[in-house]
Amino acid sequence: MKVDMTVNGTPESHDVAARTLLVDYLRDAVGLTGTNIGCDTTSCGACTVLLNGESVKSCTVLAAQAAGDDITTIEGMAHEDGTLHPVQAAFQECHGLQCGYCTPGMVMAITSLLKENPEPTEEDVRVGLEGNLCRCTGYHNIVASALVASRSPEMHR
Amino acid sequence: MHGGIAQGVAQALMEEVVYDLDGNPLTSTFADYSFISATELPSFETRFTETPTPINALGAKGIGESGTIGSAPALHNAVCDAVAHLGVRHVDMPTTPIRVWNAINEAAPGNDAGKKGR
Ligand code: FES
Ligand code: FES
(Lines give C-alpha, C1' and ligand atoms only; values in the text may rest on other atoms or scores of the structure.)
(Ligands and ions follow the chains in the order given, each with its own letter.)
Protein backbone atom coordinates (compact mmCIF):
# COMPACT_ATOMS: atom_id res chain seq x y z
CA MET A 1 0.00 0.00 0.00
CA LYS A 2 1.04 3.57 -0.58
CA VAL A 3 1.86 5.47 2.61
CA ASP A 4 2.49 9.21 2.55
CA MET A 5 3.85 11.28 5.39
CA THR A 6 6.15 14.21 6.02
CA VAL A 7 9.53 13.26 7.45
CA ASN A 8 11.75 16.06 8.72
CA GLY A 9 9.84 18.50 6.54
CA THR A 10 10.17 16.44 3.35
CA PRO A 11 7.08 14.78 1.83
CA GLU A 12 7.61 11.01 1.50
CA SER A 13 5.53 8.52 -0.42
CA HIS A 14 6.42 4.83 -0.45
CA ASP A 15 4.82 1.57 -1.39
CA VAL A 16 5.10 -0.73 1.63
CA ALA A 17 3.43 -3.84 3.02
CA ALA A 18 0.40 -2.98 5.15
CA ARG A 19 2.08 -4.46 8.26
CA THR A 20 5.16 -2.21 7.93
CA LEU A 21 6.11 -0.56 11.20
CA LEU A 22 6.86 3.13 11.27
CA VAL A 23 10.47 2.42 12.29
CA ASP A 24 10.97 0.14 9.26
CA TYR A 25 9.32 2.72 6.99
CA LEU A 26 11.78 5.33 8.23
CA ARG A 27 14.85 3.11 8.07
CA ASP A 28 14.18 1.01 4.97
CA ALA A 29 11.82 3.03 2.78
CA VAL A 30 12.99 6.56 3.60
CA GLY A 31 16.57 5.46 4.31
CA LEU A 32 17.00 7.33 7.60
CA THR A 33 18.86 4.90 9.84
CA GLY A 34 19.43 7.27 12.76
CA THR A 35 16.37 5.81 14.44
CA ASN A 36 17.54 2.58 16.08
CA ILE A 37 15.76 -0.66 16.88
CA GLY A 38 16.74 -2.07 20.25
CA CYS A 39 13.97 -4.45 21.15
CA ASP A 40 10.82 -4.41 19.01
CA THR A 41 8.73 -4.86 22.15
CA THR A 42 8.12 -1.20 23.11
CA SER A 43 10.57 -1.53 25.97
CA CYS A 44 13.81 0.25 25.12
CA GLY A 45 12.89 3.55 23.45
CA ALA A 46 15.79 3.44 20.95
CA CYS A 47 13.23 3.91 18.17
CA THR A 48 11.60 7.05 19.64
CA VAL A 49 10.59 9.69 17.06
CA LEU A 50 8.24 12.66 17.17
CA LEU A 51 4.81 12.15 15.63
CA ASN A 52 3.17 15.54 15.22
CA GLY A 53 5.61 16.83 17.84
CA GLU A 54 4.97 14.14 20.43
CA SER A 55 7.30 11.24 21.21
CA VAL A 56 6.23 7.75 20.13
CA LYS A 57 8.06 4.46 19.95
CA SER A 58 8.13 3.93 16.21
CA CYS A 59 8.39 0.14 16.58
CA THR A 60 4.88 0.19 17.99
CA VAL A 61 3.20 2.38 15.38
CA LEU A 62 2.25 1.08 11.94
CA ALA A 63 3.50 3.24 9.10
CA ALA A 64 -0.09 3.36 7.89
CA GLN A 65 -1.20 4.83 11.23
CA ALA A 66 1.15 7.75 10.63
CA ALA A 67 -0.15 8.39 7.11
CA GLY A 68 -0.56 12.12 6.55
CA ASP A 69 1.32 12.91 9.76
CA ASP A 70 4.43 14.89 10.49
CA ILE A 71 7.42 12.85 11.68
CA THR A 72 10.65 14.18 13.12
CA THR A 73 13.64 11.85 13.47
CA ILE A 74 17.08 12.53 14.88
CA GLU A 75 18.22 13.53 11.38
CA GLY A 76 15.74 16.41 11.50
CA MET A 77 16.94 17.90 14.79
CA ALA A 78 20.00 19.95 13.87
CA HIS A 79 19.48 23.28 12.10
CA GLU A 80 20.09 23.61 8.36
CA ASP A 81 23.51 25.16 8.93
CA GLY A 82 24.54 22.15 11.01
CA THR A 83 24.16 23.85 14.41
CA LEU A 84 22.98 21.26 16.87
CA HIS A 85 19.53 21.34 18.45
CA PRO A 86 19.86 22.40 22.11
CA VAL A 87 19.15 18.85 23.31
CA GLN A 88 21.89 17.49 21.03
CA ALA A 89 24.25 20.26 22.14
CA ALA A 90 23.54 19.41 25.78
CA PHE A 91 24.41 15.76 25.14
CA GLN A 92 27.70 16.89 23.64
CA GLU A 93 28.41 19.26 26.51
CA CYS A 94 27.50 16.80 29.29
CA HIS A 95 28.98 13.71 27.65
CA GLY A 96 25.48 12.23 27.64
CA LEU A 97 26.37 9.15 25.64
CA GLN A 98 28.84 6.32 25.44
CA CYS A 99 28.02 3.76 22.73
CA GLY A 100 25.31 6.08 21.41
CA TYR A 101 22.75 3.39 20.66
CA CYS A 102 20.08 4.84 22.94
CA THR A 103 20.99 8.43 22.07
CA PRO A 104 18.67 9.20 19.12
CA GLY A 105 15.73 7.91 21.15
CA MET A 106 16.87 9.78 24.26
CA VAL A 107 17.19 13.05 22.34
CA MET A 108 13.70 12.67 20.88
CA ALA A 109 12.16 11.64 24.22
CA ILE A 110 13.81 14.57 26.02
CA THR A 111 12.69 17.01 23.33
CA SER A 112 9.11 15.86 23.80
CA LEU A 113 9.45 15.90 27.59
CA LEU A 114 10.75 19.48 27.59
CA LYS A 115 7.87 20.54 25.39
CA GLU A 116 5.41 19.15 27.94
CA ASN A 117 7.41 20.34 30.92
CA PRO A 118 9.87 23.14 30.06
CA GLU A 119 11.29 23.39 33.57
CA PRO A 120 11.55 19.84 34.85
CA THR A 121 13.20 18.80 38.10
CA GLU A 122 15.72 15.97 38.10
CA GLU A 123 12.94 13.72 39.36
CA ASP A 124 10.64 14.77 36.48
CA VAL A 125 13.37 13.87 33.99
CA ARG A 126 14.03 10.51 35.61
CA VAL A 127 10.35 9.61 35.60
CA GLY A 128 9.88 11.00 32.09
CA LEU A 129 12.70 8.84 30.72
CA GLU A 130 11.44 5.60 32.23
CA GLY A 131 10.70 4.20 28.78
CA ASN A 132 14.18 4.83 27.41
CA LEU A 133 16.84 2.34 28.40
CA CYS A 134 20.58 2.89 28.38
CA ARG A 135 23.08 0.15 29.18
CA CYS A 136 26.18 2.31 29.19
CA THR A 137 25.85 5.56 31.05
CA GLY A 138 23.95 4.84 34.24
CA TYR A 139 21.72 7.75 33.09
CA HIS A 140 23.59 10.31 35.21
CA ASN A 141 24.86 12.33 32.25
CA ILE A 142 21.67 11.83 30.23
CA VAL A 143 19.63 13.36 33.04
CA ALA A 144 22.20 16.15 33.29
CA SER A 145 21.89 16.74 29.52
CA ALA A 146 18.12 17.06 29.79
CA LEU A 147 18.45 19.59 32.62
CA VAL A 148 21.08 21.61 30.74
CA ALA A 149 18.90 21.61 27.61
CA SER A 150 15.94 22.82 29.65
CA ARG A 151 17.95 25.93 30.52
CA SER A 152 18.78 26.72 26.88
CA PRO A 153 17.09 29.96 25.77
CA GLU A 154 16.29 28.29 22.45
CA MET A 155 14.02 25.82 24.24
CA HIS A 156 11.95 28.66 25.68
CA ARG A 157 11.24 30.52 22.45
CA MET B 1 31.89 4.37 36.20
CA HIS B 2 28.28 5.59 36.34
CA GLY B 3 27.12 2.88 33.97
CA GLY B 4 29.02 0.27 35.93
CA ILE B 5 27.38 1.35 39.19
CA ALA B 6 23.97 1.18 37.52
CA GLN B 7 24.64 -2.28 36.18
CA GLY B 8 25.74 -3.57 39.58
CA VAL B 9 22.67 -2.07 41.24
CA ALA B 10 20.51 -3.69 38.59
CA GLN B 11 22.21 -7.05 39.10
CA ALA B 12 21.59 -6.87 42.84
CA LEU B 13 17.95 -5.81 42.57
CA MET B 14 16.40 -6.83 39.25
CA GLU B 15 18.34 -8.31 36.38
CA GLU B 16 18.67 -12.05 35.93
CA VAL B 17 19.14 -14.44 33.03
CA VAL B 18 16.78 -17.37 33.59
CA TYR B 19 16.71 -20.75 31.81
CA ASP B 20 14.13 -23.51 32.05
CA LEU B 21 15.16 -27.10 32.84
CA ASP B 22 15.73 -27.81 29.15
CA GLY B 23 18.10 -24.88 28.82
CA ASN B 24 15.71 -22.59 26.97
CA PRO B 25 16.27 -18.95 27.86
CA LEU B 26 13.21 -17.49 29.59
CA THR B 27 14.51 -13.92 29.63
CA SER B 28 15.10 -13.28 25.97
CA THR B 29 13.36 -9.93 25.47
CA PHE B 30 12.97 -6.76 27.52
CA ALA B 31 9.39 -7.89 28.08
CA ASP B 32 10.66 -10.60 30.45
CA TYR B 33 14.11 -9.29 31.36
CA SER B 34 13.96 -6.50 33.90
CA PHE B 35 16.30 -3.66 32.93
CA ILE B 36 17.09 -0.70 35.17
CA SER B 37 15.89 2.74 34.02
CA ALA B 38 16.62 6.32 35.04
CA THR B 39 13.59 6.21 37.32
CA GLU B 40 15.07 3.63 39.69
CA LEU B 41 18.48 5.28 39.95
CA PRO B 42 19.79 8.35 41.74
CA SER B 43 22.49 10.64 40.42
CA PHE B 44 25.99 9.68 41.45
CA GLU B 45 28.79 11.58 43.09
CA THR B 46 32.15 10.13 42.14
CA ARG B 47 35.56 10.78 43.67
CA PHE B 48 39.07 9.50 43.02
CA THR B 49 40.74 7.39 45.68
CA GLU B 50 44.19 5.87 45.37
CA THR B 51 44.72 2.59 47.17
CA PRO B 52 47.62 0.69 45.58
CA THR B 53 47.46 -3.07 45.99
CA PRO B 54 50.33 -4.57 48.00
CA ILE B 55 50.28 -7.81 46.03
CA ASN B 56 52.15 -6.67 42.92
CA ALA B 57 55.14 -4.47 42.33
CA LEU B 58 53.24 -1.74 40.48
CA GLY B 59 50.41 -1.46 42.98
CA ALA B 60 48.12 -1.68 39.95
CA LYS B 61 44.63 -3.19 39.92
CA GLY B 62 42.20 -4.17 37.22
CA ILE B 63 39.83 -1.32 36.45
CA GLY B 64 37.21 -2.81 34.09
CA GLU B 65 33.75 -1.88 35.32
CA SER B 66 34.96 -1.33 38.88
CA GLY B 67 31.63 0.38 39.56
CA THR B 68 29.80 -2.88 38.93
CA ILE B 69 32.10 -4.86 41.21
CA GLY B 70 31.43 -2.58 44.15
CA SER B 71 27.80 -1.67 43.70
CA ALA B 72 26.28 -5.16 43.46
CA PRO B 73 27.55 -6.41 46.84
CA ALA B 74 26.88 -3.01 48.45
CA LEU B 75 23.22 -3.07 47.35
CA HIS B 76 22.79 -6.74 48.15
CA ASN B 77 24.26 -6.33 51.61
CA ALA B 78 22.05 -3.29 52.19
CA VAL B 79 18.93 -5.32 51.40
CA CYS B 80 20.04 -8.20 53.65
CA ASP B 81 20.88 -5.75 56.40
CA ALA B 82 17.51 -4.04 56.08
CA VAL B 83 15.69 -7.30 56.85
CA ALA B 84 18.27 -8.84 59.20
CA HIS B 85 16.28 -7.78 62.27
CA LEU B 86 13.48 -10.05 60.99
CA GLY B 87 15.78 -13.05 61.17
CA VAL B 88 16.66 -13.16 57.48
CA ARG B 89 20.23 -14.34 56.92
CA HIS B 90 20.33 -14.46 53.13
CA VAL B 91 18.33 -13.53 50.05
CA ASP B 92 19.37 -14.81 46.63
CA MET B 93 20.31 -12.19 44.01
CA PRO B 94 18.54 -10.41 42.49
CA THR B 95 16.65 -9.38 45.59
CA THR B 96 13.30 -8.95 43.87
CA PRO B 97 10.32 -7.92 46.04
CA ILE B 98 8.89 -11.46 46.00
CA ARG B 99 12.20 -12.98 47.12
CA VAL B 100 12.52 -10.52 49.98
CA TRP B 101 8.92 -11.17 50.95
CA ASN B 102 9.45 -14.95 50.90
CA ALA B 103 12.66 -14.64 52.89
CA ILE B 104 10.87 -12.59 55.55
CA ASN B 105 8.02 -15.11 55.76
CA GLU B 106 10.38 -18.07 55.88
CA ALA B 107 12.35 -16.46 58.68
CA ALA B 108 9.21 -15.72 60.67
CA PRO B 109 9.16 -17.27 64.17
CA GLY B 110 7.57 -20.70 64.09
CA ASN B 111 8.55 -21.35 60.50
CA ASP B 112 11.37 -23.91 60.59
CA ALA B 113 12.11 -23.52 56.89
CA GLY B 114 13.37 -20.04 57.65
CA LYS B 115 16.23 -21.34 59.76
CA LYS B 116 18.26 -22.44 56.76
CA GLY B 117 17.67 -19.07 55.14
CA ARG B 118 17.09 -18.48 51.44
S1 FES C 1 12.83 -0.76 19.41
FE2 FES C 1 11.07 0.38 19.86
S3 FES C 1 11.04 0.47 22.01
FE4 FES C 1 12.77 -0.79 21.58
S1 FES D 1 24.97 5.16 25.46
FE2 FES D 1 25.06 3.03 25.09
S3 FES D 1 22.99 2.44 25.45
FE4 FES D 1 23.00 4.50 26.03
Side-chain angles (χ1 to χ4, degrees), chain A residues 36-48 55 57 59-60 90-91 94-103 105-110 112-114 117 120-150, chain B residues 1-20 24-49 62-79 93-98:
Chain A
N36 288 333
I37 303 173
C39 69
D40 250 349
T41 51
T42 330
S43 312
C44 76
C47 65
T48 307
S55 64
K57 291 179 173 175
C59 72
T60 317
F91 268 73
C94 304
H95 189 54
L97 61 144
Q98 289 182 29
C99 81
Y101 203 85
C102 68
T103 314
M106 287 287 182
V107 169
M108 303 320 281
I110 290 170
S112 182
L113 175 75
L114 293 182
N117 180 358
T121 61
E122 179 188 331
E123 179 80 19
D124 295 338
V125 172
R126 288 188 174 277
V127 172
L129 289 183
E130 189 175 18
N132 288 73
L133 302 180
C134 174
R135 181 80 283 177
C136 305
T137 64
Y139 304 98
H140 181 100
N141 289 354
I142 294 176
V143 173
S145 304
L147 293 172
V148 164
S150 74
Chain B
M1 181 59 71
H2 295 154
I5 297 170
Q7 193 151 347
V9 170
Q11 187 185 344
L13 299 181
M14 318 156 60
E15 297 189 21
E16 184 179 27
V17 176
V18 185
Y19 295 91
D20 71 11
N24 301 306
L26 298 179
T27 44
S28 50
T29 75
F30 288 137
D32 25 57
Y33 179 85
S34 185
F35 191 113
I36 201 155
S37 83
T39 315
E40 288 93 26
L41 287 163
S43 282
F44 309 116
E45 216 177 280
T46 46
R47 294 259 193 283
F48 289 104
T49 60
I63 196 175
E65 292 303 7
S66 48
T68 311
I69 295 163
S71 62
L75 254 288
H76 186 253
N77 281 335
V79 172
M93 281 212 307
T95 55
T96 55
I98 187 70

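Note on naming: letters A, B, ... go to the chains in the order of the sequence lines (proteins, then strands), and numbering restarts at 1 for each one.
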Which atom of B:Phe30 lies closest to which atom of A:Gly38, heavy atoms considered: CE1-O, 4.1 Å

Region of B:Leu41 that comes under 4.5 Å of a non-hydrogen atom in chain A: both

Leading residue by heavy atom contact count with chain A [cutoff under 4.5 Å; candidates B:Pro42, B:Gly67, B:Ala31]: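 The residue among B:Pro42, B:Gly67, B:Ala31 with the greatest pair count is B:Pro42.
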
Could you list each N or O donor-acceptor pair linking chain A to chain B at a distance under 3.5 Å?
from	atom 1	to	atom 2	distance (Å)
A:Glu122	OE2	B:Ser43	OG	2.9
A:Arg126	O	B:Thr39	OG1	2.8
A:Arg126	NE	B:Leu41	O	3.4
A:Arg126	NH1	B:Ala38	O	2.9
A:Arg126	NH1	B:Leu41	O	2.8
A:Arg126	NH2	B:Pro42	O	3.3
A:Arg126	NH2	B:Ser43	OG	3.0
A:Arg135	NH1	B:Glu15	OE1	2.8
A:Arg135	NH1	B:Glu15	OE2	3.3
A:Arg135	NH2	B:Glu15	OE2	2.9
A:Thr137	O	B:Gly3	N	3.4
A:Tyr139	OH	B:Ile36	O	2.7
A:His140	ND1	B:Phe44	N	2.9
A:His140	ND1	B:Phe44	O	3.4

Winner by heavy-atom pair count (cut-off under 4.5 Å) against chain B, out of A:Val125, A:Val127, A:Leu133, A:Leu129: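 When all of A:Val125, A:Val127, A:Leu133, A:Leu129 are compared, A:Leu133 has the most.
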
